[in-house]
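Here's the structure, in C-alpha cells; my notes come after.
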Amino acid sequence: MTDVNDVNDLNDGVRDRYDLAVIGAGPAGFAAAVTAADAGLAVVILDAGRAAGGQFYRQPAAALRAARPDRLHHGWRAYTAWTGRLAAHVAAGTINHLTDHHVWTVERLDADAADGRGLAGAGSATAETAASPGTLFAVHAVIGAGGATGRAVQASAVLLATGAYERQLPFPGWTLPGVVTAGGAQAQLKDSLVVPGRRVVVAGTGPLLLSVAASLALAGAKVPAVVEAADPLRYARHAKALALNPGKLIEGAGYAATLVRHGIPVRPRHVVVAAHGERRVEAVSIARTDRAGRPVPGRERMITCDALAVGYGLDAQLEIALELGCGTRREPDGGWVLTVDAQQRTGVPGVWAAGETTGVGGAQLALIEGELAAHSIAATLPAGGFAVRAAGASRPGRAMSQTAQPSAGDGGETGSADRVGPVAAAGRSVGSAARPGRKVAKLVRRRARLRAFADVLQQVHTLPERWSDNLRADTAVCRCEEVPYAAVRDAVTDLGATDSRSVKLLTRAGMGWCQGRMCGTAVQCLVGELTGGEAKAAPAARPLACPVPLGVLAEGAFAPAAPASGTSPAPAAAAPPHAERPADPPD
Amino acid sequence: MTGTPRDLVAARPGPEFTVRVDGRPVPALPGQTLAAVLWAAGITAWRTSRVTGEPRGAFCGIGACFDCLITVNGVRDQRACLVRPEPGDEVRTRD
Ligand SMILES: Cc1cc2nc3c(=O)[nH]c(=O)nc-3n(C[C@H](O)[C@H](O)[C@H](O)COP(=O)(O)OP(=O)(O)OC[C@H]3O[C@@H](n4cnc5c(N)ncnc54)[C@H](O)[C@@H]3O)c2cc1C
Ligand code: FES
C-alpha cells in the first residue's frame, strides 16, 4: 500500500512508516529515540511540546534568549548531551521529531489485532509479547493544540512515554484565580519566565514541592511557606533505599538549602484547608494534621498570599495505553501506572512504555527506562526491520560514540566507554535475542536503585487520609462541570452510585473538558469513602487522549497523511468531540 | 536576593510588543505563553464559569485542565497556557 520511501502530503520529509514511534519527548522518550536510532532503527517522535524536554526539562522559549536556563534545572548537562545527540539524528534524518503533534489514538493495524492477541493477558507482560515482526500500528495526531490538521504515521513498534500530570484534591476556594498547580507554576516559570504571584504559598505533598518552592524563590517570588501533608519521620523507616541514592539526596538537599537561604519554612504534617479571596486568592488557611491526617481543630492559621501552587503527586497519563489494552498496576501512593516487564514491555505485543507512565520516579529514572526500552526494541525487531535507510546516510550515533556521551541521568557514572549503540546495531543483523551487555546490566541496576527510592517517596507522600473532611457542600469537586461535593455525596448515598462511572453519569463530574484529569482522583476517593469500598478503582479507558476536531476524527481509518477534510466549521478545538460521545466505552 | 525570572536565567528577550486584551494594551515578550503574558500583567482571571459565574484563569499550566480558555483573534476556546501571542493579537476574555 504505502511505499516506505513515500513522503506524505504534508511534504516535510516525514515517512509513512517507521520501525519505532515514540510518543512523548520527555526524558523517557528522547533517551529511547536516541538509543534506538543509534542502534539503526528508523524512529519518529510525536510530542505535544515545541522542543524535546517534557515536563522536567522544559526550557525557556527560544525567543526569550536565556543565557543560563540551567539555573532552573537540575541535571542540565545530561539534558544538553542527550538533546545534542537527538539534534544530530534529526539533522541526519534518522529521527523525525514531530513537535506540536498531539496524539489522540494509536490503532493496531496488524492481523493479530483482530483476534485480540495480547489483550487477554495484558496485565502480565511475558516473553511472548515481544513485537513479532508482524506488529504494525498507526499513530494518529492532530497538529497544533486544537489544530484542524491531522497526521498519521505507521510503525512496527510503539513506545509510550507520555509522562504524567499532577494529581489534585479539591478544597474550599481551589477554583479561585491565583490557585495553580505546583507543576504548572514550575512549567510557566521554566517556559515563559513568569511567576503566578508575588507571595506564593506552595502546598500539597511530594518532592516536587521543594523544587517548585526553590525555583519560585530563585525567580524572585516570596514563598511564605511550603505546606507538606506528609510526616518526614516516615523517611527514617527507609534508610537503606535512601542511602543507596546519594545523588537523589544531594538533589533534595540542594532544594532544601535554597529554602533555608531564602528563609522559607517547611510545615510538615500541615494541609491547606481553604483558600480565601474575592476575585483571586488573598490568603490560605493551613492546619496541622493528627496521626489520621485529620486537621486538628483550633490549630488553623492564615497566611496571606496572592497565589497558591498546589499538588498532591503525579498521575500517569494513560489514555493511549488503556485504549491499546495495556495492563495497569497500583503504586504505593495509590496511583495507577502501566505494568511492564524487565525490558519495559507492556502486555500488548509491539508496545513498550517508559518513564512516568510505568511508575512515577523522576527524570533520571525516566532516562534509564527509555534507554532500556530502546535496547529491547532494537533487539526485538527483525534484522533490517522495516527501517528506511536513506542510502549512505551516516549514523550520527556511531559517529558520536567516540565522543563524550551522557549517561542516563547525571549521577556521575559516565557510561561513555561502553556504549552499546553500534553493538546493538550489529546484534540486530544476527538475530533478535536481547543482548544485555554491560551497559544494559548497569542500567538495570540503576533502575532498581532509583525505583526503590521512588517507592520510598511514594510511601511517605501518600494522600492525606482525611482530606475530604475539609469539603463543604458547595465546594466544587469537578472544576469543569462545577459539580459540588453535595451532588457527588448524594449520588452515592441517595441515588445508589457505587463507582465513579455512575457518579459521572449522574452528576457530570469528570465529563467536562479535562475529562476527569483534575477531579478523577477526588471522585474515586470520595466514592470509596462513601461506599466503604476500594478507595481508587482502576482507571477506565477514555476514547481520546486529547481534543480532536471533528474533521480529523471523520478521517477514521488510517491514512498516511490526513489534512482535515471534514466539513466541521469547528475552529481550533471548538469543543472536544468526546464531550459529545459517551465518555467511557461500554465495559 | 530577589531578582526576576529574567535575571535568574540571564534572558535577553527580543523586543517587547503589545497584545490587546479587551482593547487594553498589555506588554508581551516574544515566545511567552498568553497565560504568562497575563500573569506578568497581574491578570489572573479571564473567564467566567458557566454555572456559577465565578472568575477563572490558568490552573494546570500545561494544557490539561482547560480552565484557561480565551478568545484570540476571534478564535474561541484557545488554551492561554499553550498559545503564544504575536504582535497585534486581539484577545478577548469572557466570550
Ligand atoms: C506539570 C509538571 C511539572 C513537573 N516539574 C518537575 C520538576 O520541576 N522537577 C522534577 O523533578 N520533576 C517534575 N515533574 C515530574 C516529571 O514528570 C518527571 O521528572 C519527568 O519529566 C518524567 O519524564 P517522562 O519522560 O516520563 O515524562 P514527561 O517529561 O512528562 O514527558 C512526556 C511528554 O509526552 C508528551 N505527551 C503526553 N501525552 C501526549 C500525547 N497524547 N500526544 C503527544 N505528546 C504527548 C508531553 O507533552 C511531554 O512532552 C513535573 C511533572 C509535571 C506533570
Ligand atoms: S491552565 Fe490548564 S489548560 Fe491551560
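In what follows, every chain begins at residue 1, and chains take the letters A, B, ... in the order their sequences are listed. Hydrogens, waters and symmetry mates are skipped; everything else that's a heavy atom, side chains included, is used.
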### From CA spacing to verdict: side-chain contact (heavy atoms from CB on, under 4.5 Å), A:L189, B:W39
CA-CA 11 Å; A:L189 171 55; B:W39 279 3; over 6 Å; no
### Query
Can you list the steps and then say if A:D191 with B:R84 is a side-chain contact (heavy atoms from CB on, under 4.5 Å)?
CA-CA 11 Å; A:D191 177 297; B:R84 291 169 204 275; 2.9 Å; yes
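Neither the backbone nor the side chain of A:Q186 comes within contact range of chain B; no heavy atom of the residue lies under 4.5 Å from a heavy atom of that chain. For A:R198, no part lies near chain B; criterion is any non-hydrogen pair under 4.5 Å. At a 4.5 Å heavy-atom cutoff, B:L38 makes no contact with chain A through either its backbone or its side chain.
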Please table the atom pairs, donor to acceptor, closer than 3.5 Å between any side-chain atom in residues 15-37 of chain B and protein atoms at least two apart or in another chain.
| residue | atom | partner | partner atom | Å |
| --- | --- | --- | --- | --- |
| B:R20 | NH1 | B:G23 | O | 2.6 |
| B:D22 | OD1 | B:T93 | N | 2.9 |
| B:D22 | OD2 | B:T93 | OG1 | 2.6 |
| B:Q32 | OE1 | B:L29 | N | 3.1 |
| B:Q32 | NE2 | A:S192 | O | 2.9 |
| B:T33 | OG1 | A:Q188 | OE1 | 2.6 |
| B:T33 | OG1 | B:A36 | N | 3.1 |

Please set out all donor-acceptor pairs under 3.5 angstrom arising from side-chain atoms of residues 58-68 of chain B, sequence neighbours excluded.
| residue | atom | partner | partner atom | Å |
| --- | --- | --- | --- | --- |
| B:D67 | OD1 | B:R47 | NH2 | 2.6 |
| B:D67 | OD1 | B:R56 | NH1 | 3.0 |
| B:D67 | OD2 | A:R479 | NE | 2.8 |
| B:D67 | OD2 | A:R479 | NH2 | 2.7 |

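Taking all atoms of both residues into account, the shortest heavy-atom contact from A:R71 to B:D7 is NH1-O, 4.0 Å. Considering all non-hydrogen atoms of both residues, B:G42 and A:R280 come closest at O-NH1, 3.9 Å.
The choice from A:P196, A:A185, A:P69, A:A187 that makes the most heavy-atom pairs within less than 4.5 Å of chain B is A:P196. For the set A:V194, A:D70, A:V310, A:L176, the count of heavy-atom pairs under 4.5 angstrom toward chain B peaks at A:V194. Note: A:P177 leads A:P177, A:G184, A:A61, A:A62 in heavy-atom pairs under 4.5 Å with chain B. Contact count versus chain B (heavy atoms, under 4.5 Å) is highest, among A:G49, A:A67, A:P60, for A:A67.
With a 6.0 Å radius and a threshold of 12 heavy atoms from other residues, nucleotides or ligands, B:R6 has its CZ atom at or below the threshold.
Looking only at distances, no side-chain donor or acceptor of A:R68 sits under 3.5 Å from a matching main-chain atom of B:A10. A donor-acceptor distance shorter than 3.5 angstrom exists from the side chain of A:E482 to the backbone of B:R50, with no hydrogens or angles considered.
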